[in-house]
There are 4 protein chains.
Amino acid sequence: HCLLFEDQKCKVVQCSWVSCRSMASKTPVGFIGLGNMGTPMARNLLKHGYPVIATDVFPESCKEFQDSGAQILDCPAEVADKADRIITMLPSSPNVIEVYTGPNGILKKVKKGTLLIDSSTIDPAVSKEMAVAAEKMGAVFMDAPVSGGVGAASLAKLTFMVGGVEEEFNAAQELLTCMGANVVYCGQVGSGQAAKICNNMLLAIGMIGTAETMNLGIRLGLDPKLLAKILNMSSGRCWSSDKYNPVPGVMEGVPSANNYQGGFGTKLMAKDLGFAQNTATSTRTPIPLGSLAHQIYRTMCAHGYSNKDFSSVFQFLREEEVQ
Amino acid sequence: HCLLFEDQKCKVVQCSWVSCRSMASKTPVGFIGLGNMGTPMARNLLKHGYPVIATDVFPESCKEFQDSGAQILDCPAEVADKADRIITMLPSSPNVIEVYTGPNGILKKVKKGTLLIDSSTIDPAVSKEMAVAAEKMGAVFMDAPVSGGVGAASLAKLTFMVGGVEEEFNAAQELLTCMGANVVYCGQVGSGQAAKICNNMLLAIGMIGTAETMNLGIRLGLDPKLLAKILNMSSGRCWSSDKYNPVPGVMEGVPSANNYQGGFGTKLMAKDLGFAQNTATSTRTPIPLGSLAHQIYRTMCAHGYSNKDFSSVFQFLREEEVQ
Amino acid sequence: HCLLFEDQKCKVVQCSWVSCRSMASKTPVGFIGLGNMGTPMARNLLKHGYPVIATDVFPESCKEFQDSGAQILDCPAEVADKADRIITMLPSSPNVIEVYTGPNGILKKVKKGTLLIDSSTIDPAVSKEMAVAAEKMGAVFMDAPVSGGVGAASLAKLTFMVGGVEEEFNAAQELLTCMGANVVYCGQVGSGQAAKICNNMLLAIGMIGTAETMNLGIRLGLDPKLLAKILNMSSGRCWSSDKYNPVPGVMEGVPSANNYQGGFGTKLMAKDLGFAQNTATSTRTPIPLGSLAHQIYRTMCAHGYSNKDFSSVFQFLREEEVQ
Amino acid sequence: HCLLFEDQKCKVVQCSWVSCRSMASKTPVGFIGLGNMGTPMARNLLKHGYPVIATDVFPESCKEFQDSGAQILDCPAEVADKADRIITMLPSSPNVIEVYTGPNGILKKVKKGTLLIDSSTIDPAVSKEMAVAAEKMGAVFMDAPVSGGVGAASLAKLTFMVGGVEEEFNAAQELLTCMGANVVYCGQVGSGQAAKICNNMLLAIGMIGTAETMNLGIRLGLDPKLLAKILNMSSGRCWSSDKYNPVPGVMEGVPSANNYQGGFGTKLMAKDLGFAQNTATSTRTPIPLGSLAHQIYRTMCAHGYSNKDFSSVFQFLREEEVQ
């Protein structure tokens, strides 16, 4: 956790002082990728007194963030020229490859000793490639994908799963604690991605399992709220049954209570399951349920569920056969 | 909960008194099926002062239980002749059919108004048939399958999921609270079985999912304890990851720490998944993961895992390919 | 094969003669179930000179068939009173149970030695029950489900898979050859159903596999006709790839060329896979692909594909994800 | 087909003459990869009068092939220096990458206009990469994976599925017809791999499906030979049921008749299914059965089936549960 505010009694004073000192003394942090997640993350760095030097391919995103007090540059290479700590938050592997190794990429102007932290969720193999490329330039690359959505990003409640050289973890942690509630060191480069992939694969299995089970129980005449209660006090309990139940009417404040809007899109889950599938294939690991979960979310994407929350698998499965 | 012993200070005195009174005043309870589960359950009835009239097809089981203070009769029909509350705890549907409707079965001599509680885990359709047959004789049948194993049975910590006419639930609860920590009313006859089937299906999915995920993470270089910790603080969390982790070395006091001995056998899980499959088919409910979980446990049964705890699916999946 | 018409030169003469003789000498055959399949089957019996005594729950069906020259009675029991060879062709297990053992059922008035042939596709367990019930009345029950659709029924090109006492096979064959091109003896009662279930399970697997494969190939840039050609000259070949290709434009005269109309409905395939699932569960046989095929057809039924040909799984899988 | 020997009347004379002429006039063909498949393929080139210049990492393989009349060089680069048509037959993607782009690789010394034909079964993405790399050097790369095993390679009965620039197909065909019975043009580079992957995925699905179906039928009391016969005359028919039946005793001359020795190893099938999985994931194509087939072969590899023929899935599934 971020320790800055821990002593509640002197919080305000201390913060003012810290803030002043840090504006004067803190070195700037680079931030590349000002999307739905990146922007609130970068804002939390500003709140903690770090000058932020940022860039993004979309001018509107840059303009908006500039108004928050950040400096905007033209491309990743220029950011690398000005900052020796850079965080990237990008949608997919090709974007990461471009931002790091492209013609205007970070590695074109990166300085020796620069700390590069990539919070994108991508193929662990790409993380490893980037780490090798960074090392050739004398820089250090760490992967630090997050769990938690836009809300958690705004509230600095993300969980970061960090992979990379252990000696650099403290330096990474200093920045990441400004943006998240948990920062977990997972091991060598790629381990952060590995941990995230594992979690999301089990999440997908638990969600589809919960949807199947609730649907079966309802068809057998059980009341959904009662069934959820029984499961949650028994061995069937999982995060999808007790914190994010996919059946409308069972819980409030979750996507199933809001027509599966918001939350974590089916398309994003399918993407993460693709990574799980790839890493399982390359390590010759059997993942029968994970693989079937992938196929189910893939099929849902093709039937109009791409942008609904991934708990909409209940809706996908429960549709009644017309006689 | 059973309130009898709640005031610890006067426990002994009260119990002696209660015991005396109950021996005098409590009407006897019939108990049929003195196996690994039935015997400790029936003992808990004795402990609560209920005279027990029992029978079983195995003379040794009867002899042993007789030494505990119970009266042993020759067959279910005779038990039905003497008791107006009868509990049955049997291994499978055919046994239940025999014990209720066979030539020496309960219904041959059941008295009007008798309460019949079946705690076996069987096909809900059989429960419904038994209820109809009982009703014809003027008796009331309820299904009340349990979750929890031999240990929970001994400690009276079982959970009972009860289906049947709601007006009779209080009468059933009076007896069941002597043997369990939770007694949940689920709805009409068969609902207890339905709830149990649902729970166990989700349990199986969560367990295989956890085993796949832990195995994949280990192959990707993650430490198993660290991975379990990350999952359990994230959305991958489930009962199988946080209370019954299938990877040896991650938790103590679970079957994976003891070569998968004890616990809940793979064969029993395969049996329960067969019920889930049957009820899903008859209600035309898609259960893709539940169905695949069934096939996996079925395959394991054929490869020497029948009597190992169902968390041994980790062992089944992790075996390394010989190059 | 039916040999009656084989000598083309004397066909008309011979048939007139046969027809005359048979009207005079052939004993009547009972036929129960005048649906889409039953009516053309029963007509083929008439064509071969058998007097037919029929019944059905729908008066219109009876009226129509009466116009073809059959005698119509009120209920199965009456048919059993008049005929000592009876064929039944019904939609599902409950109908079969009703027609045989119901209050107006065949067994109420069946004569000793009557041959009962059930061509319905039902649960093999029900076939065995009917056989036992028939035997108690001194009658013989055989199961003889068909492969082939309405067209094959009209053209007498069905395949019959027959289970029952071997000594009665010749008697059954005499009638069945009038309605089908192949009559195969499969073994004891229920074997006909077993063979049909096995065939249809493999058919479903081959069809979904073909659909997945064609779809993958198309997405990889292969021409569908070329891919079909390559598969069909290689080890990927199957009936669904070379006789009933599910991709529109690859073959003519199949449902995929006609918007998946006609053919064998997804709902019927799901029903047969339910039988496969049930028998696999009760014999503890692992059928991972068969079980998943069942779940896929079940899901399709819930998404509007019930009445489309089962090759429409290609359409179900190929839908493009909207970006 | 190879047209050289087509005029049977003058075969001997012509061949002598051709042979003489070709030794004098045919330009040499390079061949890299002298394994179980490569050696008999290269021998068939020699038989057709092509001088062969070869190399392999294993000296024994080279020595043996040298005795057949080939010239052996030290590395792929040297082969590329001497031959302007080169065939490669290697076990996996990394080998192909090494042989083409490694420090002693073909592309180090390849001449402009050289035709490079890769018959390895690899990831189509690697084929495309090699094609791009070759094009930069002014050479032409085609992928031409085979179906058929060691026996077909010896008898020149392989099927080649060829991807690449259409104008070069004739030149490739000239060589490939010496080694195979069918040479099929599939489209742009990578299409040969795509076609092979598609075929093998459907093959795997058909094989597992056949194994499940035969096993279920046997458990239901059907005779395996009879069941195979019924399937093969019905819509369940596929290559695995009618040409390569996995049940011992049903057919002769197939691996199931020889304890699953020889044939196409489970490990190789798992590898090909990995490619199918990868290409499906990258094209977002749902392949539920293909994916589950992959997981099953993966699991079998971990349970001692790696080197058994892939039809041994019958053995894997049929093992009886010990009660």
Side-chain angles (χ1 to χ4, degrees), chain A residues 124 147 159 161 182 184 186-188 190-191 194-195 197-206 208-210 212-217 219-223 226-227 229-231 233-241 243-244 276 279-280 283-290 292-293 296 317-318 321, chain B residues 124 147 159 161 182 184 186-188 190-191 194-195 197-206 208-210 212-217 219-223 226-227 229-231 233-241 243-244 276 279-280 283-290 292-293 296 317-318 321:
Chain A
S147 87
T159 293
M161 289 158 274
N182 294 294
V184 186
C186 298
Q188 60 181 19
S191 297
I197 284 172
C198 284
N199 183 72
N200 280 15
M201 183 173 91
L202 187 49
L203 170 60
I205 293 170
I208 301 176
T210 301
E212 290 181 13
T213 300
M214 294 295 299
N215 193 30
L216 178 60
R219 296 249 182 122
L220 294 176
L222 296 169
D223 173 75
L226 174 67
L227 176 55
K229 192 182 138 193
I230 293 172
L231 295 173
M233 63 190 255
S234 309
S235 47
R237 165 179 61 78
C238 63
W239 185 89
S240 296
S241 70
K243 283 276 184 273
Y244 207 87
T279 59
T283 56
R284 293 191 305 244
T285 309
I287 50 161
L289 296 193
L292 182 52
I296 291 168
L317 291 173
R318 86 161 162 188
E321 179 172 344
Chain B
S147 87
T159 293
M161 289 159 273
N182 294 294
V184 186
C186 298
Q188 61 182 19
S191 298
I197 284 172
C198 285
N199 183 72
N200 282 13
M201 184 173 91
L202 188 49
L203 170 59
I205 293 169
I208 301 176
T210 301
E212 290 181 12
T213 301
M214 293 296 299
N215 193 30
L216 178 60
R219 298 251 181 119
L220 294 176
L222 296 169
D223 173 76
L226 174 68
L227 177 55
K229 193 182 138 193
I230 293 172
L231 295 174
M233 63 191 252
S234 309
S235 48
R237 167 177 61 77
C238 64
W239 185 88
S240 296
S241 71
K243 283 276 183 275
Y244 208 84
T279 58
T283 56
R284 293 191 306 245
T285 309
I287 50 161
L289 297 193
L292 182 51
I296 291 169
L317 291 173
R318 83 157 164 192
E321 180 173 343

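The structure presented is a predicted model; accordingly, all values stated were derived computationally and were not measured. Numbered from 1 within each chain, the chains take letters A, B, ... in sequence-line order.
Counting heavy-atom pairs closer than 4.5 Å to chain B, the top residue among N199(A), I208(A), L203(A), I287(A) is N199(A). Most heavy-atom pairs under 4.5 Å with chain B, from the set S234(A), G217(A), G206(A), G221(A): that is S234(A). The candidate from Q188(B), M233(B), M161(B) with the greatest count of non-hydrogen atom pairs under 4.5 Å with chain A is M233(B). The greatest number of non-hydrogen atom pairs below 4.5 Å with chain B, out of L289(A), I205(A), L292(A), is found for L289(A). No other option in S235(A), C198(A), G187(A), G236(A) has as many heavy-atom pairs under 4.5 Å with chain B as S235(A). Across T213(B), L226(B), L220(B), the residue that shares the most heavy-atom pairs under 4.5 angstrom with chain A is T213(B). Heavy-atom pairs under 4.5 Å with chain A were tallied for C238(B), P124(B), A293(B); the largest tally goes to C238(B). Counting heavy-atom pairs closer than 4.5 Å to chain A, the top-ranked of the candidates D223(B), I197(B), T279(B), N200(B) is T279(B).
Minimum heavy-atom separation, C186(A) to L222(B): O-CD2, 3.7 Å. A276(A) and M201(A) get closest at one heavy-atom pair: CB-SD, 3.9 Å. Pairing each heavy atom of K243(A) with each of R237(B), the nearest pair is CG-NH2, 3.5 Å. Smallest separation of non-hydrogen atoms from I230(A) and A195(B): CD1-CB, 4.0 Å. Smallest separation of non-hydrogen atoms from L317(B) and R219(B): O-NH2, 4.2 Å.
With hydrogens and angles disregarded, no donor-acceptor distance shorter than 3.5 Å links the side chain of E212(A) to the backbone of P286(B).
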